[in-house]
J.: 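One structure follows; several queries about it will come next.
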Amino acid sequence: MKDKQKQQKLPGPKTISIHHGKSFSEETGCVMPPIFATSTFVHGNKGEFDYTRSGNPNFQILERILKRIEDAKFCTAFNSGISAVTAIASSLKSGDKILCESNLYGCTVRLFEEVFKKFGINIFYIDFTSKGYKEAILKINPNLIWIESPTNPLLKILNISEICKIANDNKIDVVVDNTFSTALIQKPLELGATISMMSTTKFINGHSDALGGAVLTNNKEWNQKMIFAQKSLGLNPSPFDSWLITRGLKTLPLRIKEQTQNAENIVEELSSNSLILKLIYPYNTSHPQYDLAKAQMKMGGSIITMQLDLNKEKTFRFCKNLKYFSLAESLGGIESLICHPATMTHASIDKTTKTKLGIDDSLVRLSIGCEDYDDLITDILIALKDI
Ligand SMILES: Cc1ncc(COP(=O)(O)O)c(C=O)c1O
């Protein structure tokens, strides 16, 4: 009985994602929220809304669900993942330092290098899985550490709690880009991060029909900075996109489970394929940080990266042979996608850096969807055979 009462007080992620927006049924009887397509609000309203750039019921609903799923005190929604990155980085001042993981999403790197550097922000990169990374943090002494885990596209697993411990001991804030995992797989704030940010375009929405981003934190000052950035930089999402993302979010737990199961089955089937030189998946025993992935992540997720034993031309032929995996940017939707990071998501990174990181022309990233497993694996096997 006691356990049951406890469960009622603490609903699970499926219940939260379905029920924990705001209900408008008292006034109208509607089960789902309407789209508040309004730029402005009459002053003195109960919700204290004044202008959609600084707040709208549709993004407030989304923010509430996201912070409940992540157990965070605060959440601010943005119009894309890159807007969320912009909001955080623009809170720094000239002379400040960001220490980044060497393998970050290409457009985050481009934003730091080509925009924020111009405003005097210093950007450093290290491999956070290397032996000397702790000394490097202390030597550089940055204002902010910026990491992803798993990283895009190499799926390196970083020890988030170990990194946060060193950072917290030295009063350094840590941002974890949790786009690939979402709170259903790992909760960076619980592991000690100052900020958990994500592109809600991907798994959170899950239907590849809207762009969005979110920043979650338990830190009051950072929350104030995010609210300021949302309205002052015009980074707010649209009511319609927020409505779409809120709707997609309702099935996040179901989608993640199904996609992960498909991914695990695909990894198992492909692990002995002679055309695949490296099959990278966090829950694959061959992954260099397998033990850490098992300890840090609740599931292995649904992104698989493969290094093929093929040249560039044949790698593209394989991508184009696929029937159910469209060759497209993005990930995390119900539909399977394949991406060629070197010429797509990481095209803006110079070739020498890419080669050093291991993002070469034979590397492909698969985002596994909710289709039937048999159809997906048959598709991959036929596409490999027909190159
Ligand atoms: C890890 C990661 N962070 C941030 C972003 C940027 O998100 P958006 O495309 O919504 O701006 C992406 C996009 O692919 C990503 O993969």
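Start at 1 with the first residue, then count along the sequence. For ligands, and for the atoms within them, numbers begin at 1 and follow the listed sequence.
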J.: Any non-hydrogen atom of Lys202 lying under 4.0 Å from ligand 1?
T.: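 Lys202 counts as a contact of ligand 1 under the 4.0 Å cut-off.
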J.: Do the ring centers of Trp243 and Phe36 come within less than 6.0 Å of each other?
T.: no
J.: Would you check the N or O atoms of Leu211, main chain and side chain alike, for any that come under 3.5 Å of an N or O of ligand 1?
T.: no
J.: Going hydrophobic residue to hydrophobic residue with side-chain gaps under 4.5 angstrom, can you get from Phe325 over to Ile377?
T.: yes
J.: Judging by distance only, is a nitrogen or oxygen of Ile82 under 3.5 angstrom from one on ligand 1?
T.: yes
J.: Identify the protein heavy atom lying closest to atom 8 (P) of ligand 1, giving its residue, its atom name and the separation to 0.1 Å.
T.: Gly81 N, 3.4 Å
J.: Do Ser149 and Gln296 have side chains that approach each other closer than 4.5 Å (heavy atoms only, starting at C-beta)?
T.: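 Side chain of Ser149 against side chain of Gln296, heavy atoms only: contact under 4.5 Å found.
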J.: Going only through I, L, V, M, F, W and Y residues with side-chain contacts under 4.5 Å, is there a path from Phe180 to Leu66?
T.: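 Per the 4.5 Å side-chain linkage, Phe180 and Leu66 are co-clustered.
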J.: Just to verify, what does Lys257 make a side chain to side chain contact (heavy atoms under 4.5 Å, CB included) with, not counting sequence neighbours?
T.: none
J.: Tell me the protein heavy atom at minimum distance from atom 6 (C) of ligand 1, and give that distance in Å.
T.: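 Answer for atom 6 (C) of ligand 1: Tyr105 CE2, 3.5 Å.
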J.: For ligand 1, indicate whether the residue Asp177 contacts it via side chain, backbone, both or neither (heavy-atom separation under 4.0 Å).
T.: side chain
J.: Testing Leu277, Leu308, Leu154, Leu357 one by one against Leu363 for a side-chain contact (heavy atoms from CB on, under 4.5 Å), which residue passes?
T.: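 The residue from Leu277, Leu308, Leu154, Leu357 that satisfies side-chain contact (heavy atoms from CB on, under 4.5 Å) with Leu363 turns out to be Leu154.
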J.: If you measure only the distance, is there a donor-acceptor pair under 3.5 Å linking the side chains of Ser196 and Glu70?
T.: yes
J.: Against heavy atoms of Gly212, which atoms of ligand 1 measure under 4.0 Å?
T.: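 Near Gly212, meaning under 4.0 Å from one of its heavy atoms, ligand 1 has 10 (O).
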J.: Could you name the option among Thr200, Asn205, Thr86, Thr201 that has the heavy atom nearest to atom 10 (O) of ligand 1?
T.: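 Answer by nearest heavy atom: Thr201.
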J.: With heavy atoms of Asn152 as the reference, note each atom of ligand 1 found under 4.0 Å away.
T.: 16 (O)
J.: May I ask whether Ser83 has any heavy atom positioned less than 4.0 angstrom from an atom of ligand 1?
T.: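 Judged by the 4.0 Å heavy-atom criterion, Ser83 does not count as contacting ligand 1.
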